[in-house]
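This structure is a prediction, so every number in the text was calculated from the model and none was measured.
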Amino acid sequence: MDGDSLRALLSHNLKKFRAFRGFSQQVLAEKADISLTHLGSIERCERWPHPDILVRLTNALGVEVRDLFSPENPVAADIKGIVDKLTVDMASLVNSSLELMGKVPDKESSPQGKKR
């Protein structure tokens, strides 16, 4: 990977995380305490951010610096983690509710009891 590809990857992932969080450029710039112009130039691949700026951007986005340079789709990975946790939480909630109603499901038929 060359410098231009790395800069494009950073730009792409920064935009994806910003959109996933529902932040405009203005909101992210304010949260990261950088100028809107500076953020725009990073997203347009015109400037490399200083490491301190990268840290402020990732803190504002709630991600790690490495996530901004990951070739995998970081938003998809983030969503998958949320869905996986919700699936486990929902299965636990359903089982707890059934227990309270006196209807305990067979362990083999519950989502947590299935063998993969």
Given side chains that start at C-beta, do those of Phe20 and Val63 come closer than 4.5 Å, heavy atoms only?
no

Mind checking whether Leu6 and Phe69 have side chains closer than 4.5 Å, heavy atoms only?
yes

Looking at residues at least two apart in the chain, or sitting in another chain, which of them share a side chain to side chain donor-acceptor pair (under 3.5 Å) with Ser5?
Asp2

For Pro71 and Leu9 the tightest heavy-atom approach is CA-CD1, 3.9 Å

Shortest non-hydrogen contact from Glu43 toward Arg18:
OE2-NE, 2.8 Å

Gap separating the [atom1] atom of [X] from the [atom2] atom of [Y], nearest 0.5 angstrom:
X: Ser11; Y: Asp4; atom1: OG; atom2: CG; result: 12.0 Å
X: Arg7; Y: Arg44; atom1: CZ; atom2: CZ; result: 12.5 Å
X: Asn59; Y: Leu54; atom1: CG; atom2: CG; result: 11.0 Å

Given the rule that I, L, V, M, F, W and Y join up when any side-chain heavy atoms are under 4.5 Å apart, are [X] and [Y] in one cluster?
X: Met90; Y: Val88; result: no
X: Leu10; Y: Met1; result: yes
X: Val94; Y: Met101; result: yes

Ignoring hydrogens and angles, tell me if any N or O in the side chain of [X] forms a donor-acceptor pair with the backbone of [Y] under 3.5 Å.
X: Asn95; Y: Ser92; result: no
X: Arg21; Y: Leu61; result: yes
X: Ser97; Y: Leu93; result: yes

Ignoring hydrogens and angles, write down the donor-acceptor pairs under 3.5 Å from the side chains of residues 27-40, residues two or more places apart or on other chains.
{"from": "Glu30", "atom 1": "OE2", "to": "Gln26", "atom 2": "NE2", "distance (Å)": "2.8"}
{"from": "Ser35", "atom 1": "OG", "to": "His38", "atom 2": "N", "distance (Å)": "2.9"}

For Asn13 and Asp67: C-alpha separation, side-chain torsions, deciding distance, then whether side-chain contact (heavy atoms from CB on, under 4.5 Å) applies.
CA-CA 8 Å; Asn13 286 343; Asp67 296 331; over 6 Å; no

